[in-house]
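What follows is a set of notes on a single structure, which appears directly below.
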Amino acid sequence: MPATPAWPPKSAPRLFVDQALEEGAQVPVEGNQAHYLAKVMRVAAGDAVILCDDRTGEWATSVVLADRRQVTLAVERRLRPREDVPDFWLCPAMLKKDRFDLVLEKATELGVAVIQPVLTRRCVADKLNADRANAIVTEAAEQCARTALPQVARLARLEALLRDWPQARTLFFADEEGGEPAAAAFREARGPAALLTGPEGGFDDSERGAIRAHPCARPITLGPRILRGETAAIAATAIWMAQAGDWGAGE
């Protein structure tokens with residue numbers, strides 16, 4: 001006899017919803033999400049959809065009703081609890097829109113807990129569209145099967161970030177003028193951590209001096225080449241996850 005197909009199938013669409021989920025609940029999905037399910041994925045009654053609520057975890061649901069305006073889903077069982085991501089903050093300086101979008105997307109995929117955008121003197125962009133940023137991280141979390149959304153904090157000026165920095169959290173500073181090799185510094189670190197990366201034009205001398213003078217700052221180098229802002233943020237986050245994060249969780 002042929003094997004019974006797994007349910008829900010791995011190909012089932014995944015969405016984050018605002019409603020807290022529990023077994024037996026019915027969830028109405030409207031707007032763009034309903035359009036995605038009904039018109040793009042073409043779900044029909046009985047089809048599986050995987051929902052996450054950023055509170056209780058990931059749930060298997062089945063379609064009760066689907067039309068162009070609303071899709072109603074019945075919650076059947078929990079698949080996974082909300083994951084515990086590493087206590088790691090990424091503090092990237094603002095970049096041009098498409099490049100900062102990439103940082104938001106990849107930071108989410110890599111498992112960052114908090115994304116704290118930073119405004120420095122040489123930033124080309126000086127505003128953050130919070131709705132757009134949250135939409136990008138939500139879509140990235142759906143694509144990579146993450147069950148905990150990263151928090152996107154309000155844009156902060158570098159001076160305020162340093163002034164209000166929590167004393168128990170190490171601030172790794174990706175300094176193009178040098179520092180400890182990133183992998184070794186991350187491997188030796190203990191406790192909560194964060195990573196600060198610069199804008200297109202880099203930090204100016206006064207900013208670099210203020211960062212290096214901060215008691216929580218620990219300058220690191222990302223190698224012999226000068227990296228773009230988005231490359232530095234993504235590459236350094238990947239190194240941290242490999243050395244001190246959860247990439248070895250299954251070993």
Side-chain angles (χ1 to χ4, degrees), residues 16 20 52-58 80-94 100 102-119 128 130 133-134 136-158 160-175 179-198 211-212 214-222 229-251:
F16 274 85
C52 296
D53 61 4
D54 199 28
R55 301 177 185 87
T56 61
E58 179 183 81
R80 290 188 291 161
R82 186 181 186 273
E83 66 189 292
D84 292 323
V85 296
D87 188 3
F88 181 75
W89 299 1
L90 176 62
C91 304
M94 287 296 297
F100 200 75
L102 183 65
V103 172
L104 292 169
E105 179 184 274
K106 300 310 174 188
T108 303
E109 293 180 23
L110 290 167
V112 169
V114 175
I115 303 169
Q116 170 60 76
V118 181
L119 185 61
L128 176 72
N134 282 303
I136 289 169
V137 301
T138 300
E139 183 176 346
E142 291 167 350
Q143 292 291 327
C144 72
R146 181 168 168 167
T147 62
L149 290 174
Q151 176 190 346
V152 181
R154 295 176 62 181
L155 179 63
R157 292 187 176 276
L158 177 63
L161 182 83
L162 297 177
R163 182 192 65 222
D164 299 332
W165 192 258
Q167 295 302 307
R169 185 173 297 274
T170 302
L171 178 61
F172 291 104
F173 166 40
D175 189 352
E180 302 172 73
F186 293 160
R187 189 163 52 245
E188 296 167 1
R190 298 292 182 272
L195 169 71
L196 174 63
T197 59
I211 298 166
R212 282 182 166 263
H214 196 282
C216 294
R218 190 168 172 180
I220 58 168
T221 178
L222 298 176
E230 67 274 21
T231 307
I234 295 166
T237 299
I239 296 169
W240 193 91
M241 288 295 169
Q243 297 294 335
D246 60 2
W247 281 13
E251 293 179 358

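Residues Asp175 and Arg212 are in side-chain contact: their nearest non-hydrogen atoms beyond the backbone lie under 4.5 Å apart. Residues Leu119 and Leu161 fail the side-chain proximity criterion, which asks for heavy atoms closer than 4.5 Å. Counting only heavy atoms from C-beta outward, the side chains of Val118 and Leu155 never approach each other to under 4.5 Å. Side-chain contact between Arg146 and Thr108: present, with at least one pair of heavy atoms (C-beta onward) separated by less than 4.5 Å. Using a 4.5 Å heavy-atom cutoff, the side chains of Phe100 and Leu128 are in contact. Residues Glu180 and Arg218 have side chains in contact (heavy-atom distance under 4.5 Å, counting atoms from C-beta outward). Residues Ile211 and Leu158 form a side-chain contact, since some pair of their non-hydrogen atoms from C-beta on lies under 4.5 Å apart. Looking only at side-chain heavy atoms (C-beta outward), Asp246 and Pro86 come within less than 4.5 Å of each other.
Annotation for Asp84: atom CG does not count as buried by contact number, only 12 or fewer foreign heavy atoms lying within 6.0 Å. The environment of Arg157 atom CZ is sparse: at most 12 non-hydrogen atoms of other residues, nucleotides or ligands sit within 6.0 angstrom.
A donor-acceptor contact shorter than 3.5 Å is absent between the side chain of Arg169 and the backbone of Gln167. A donor-acceptor contact shorter than 3.5 Å is absent between the side chain of Arg187 and the backbone of Ala244. Looking at Glu58, its side chain never comes within 3.5 Å of a backbone N or O of Pro81 through a donor-acceptor pair. Judged purely by atom type and a 3.5 angstrom limit, Glu142 uses its side chain to pair as donor or acceptor with the backbone of Phe16.
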Which is it for Phe88 and Leu110 under the side chain to side chain contact (heavy atoms under 4.5 Å, CB included) test, yes or no, and what are the steps along the way?
CA-CA 11 Å; Phe88 181 75; Leu110 290 167; over 6 Å; no

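Going from atom CD of Glu230 over to atom NZ of Lys106 covers 12.0 Å, rounded to the nearest 0.5 Å. The CG atom of Leu196 lies 7.5 Å from the CG atom of Leu162; values are rounded to the nearest 0.5 Å.
Ala174 and Leu222 get closest at one heavy-atom pair: CB-CD1, 4.1 Å. Closest approach of Ala153 and Pro117 over heavy atoms only: O-CD, 3.3 Å. Scanning both residues, Leu149 and Val137, for their nearest heavy atoms gives CD2-O, 4.2 Å. Summarising the geometry of Gly179 relative to Thr221, their closest heavy-atom pair is O-CG2, 3.4 Å, with the distance given to 0.1 Å. Across all non-hydrogen atoms, the minimal contact from Ile115 to Ala107 is CD1-CB, 3.9 Å. Shown here for Val103 and Ala233, the closest heavy-atom pair between the two residues is CG1-CB, 4.2 Å.
Electrostatic pairing of Asp53 and Arg82 does not count as a salt bridge here, judged by no charged N lying under 4.0 Å from a carboxylate O.
Aromatic ring centres of Trp89 and Trp165: separated by under 6.0 Å.
If you check the side chains of Thr147 and Glu83, you find a donor sitting under 3.5 Å from an acceptor.
Considering only residues two or more places apart in sequence or on other chains, Phe172 meets the ring-ring contact (aromatic ring centres under 6.0 Å, His included) condition with Phe186.
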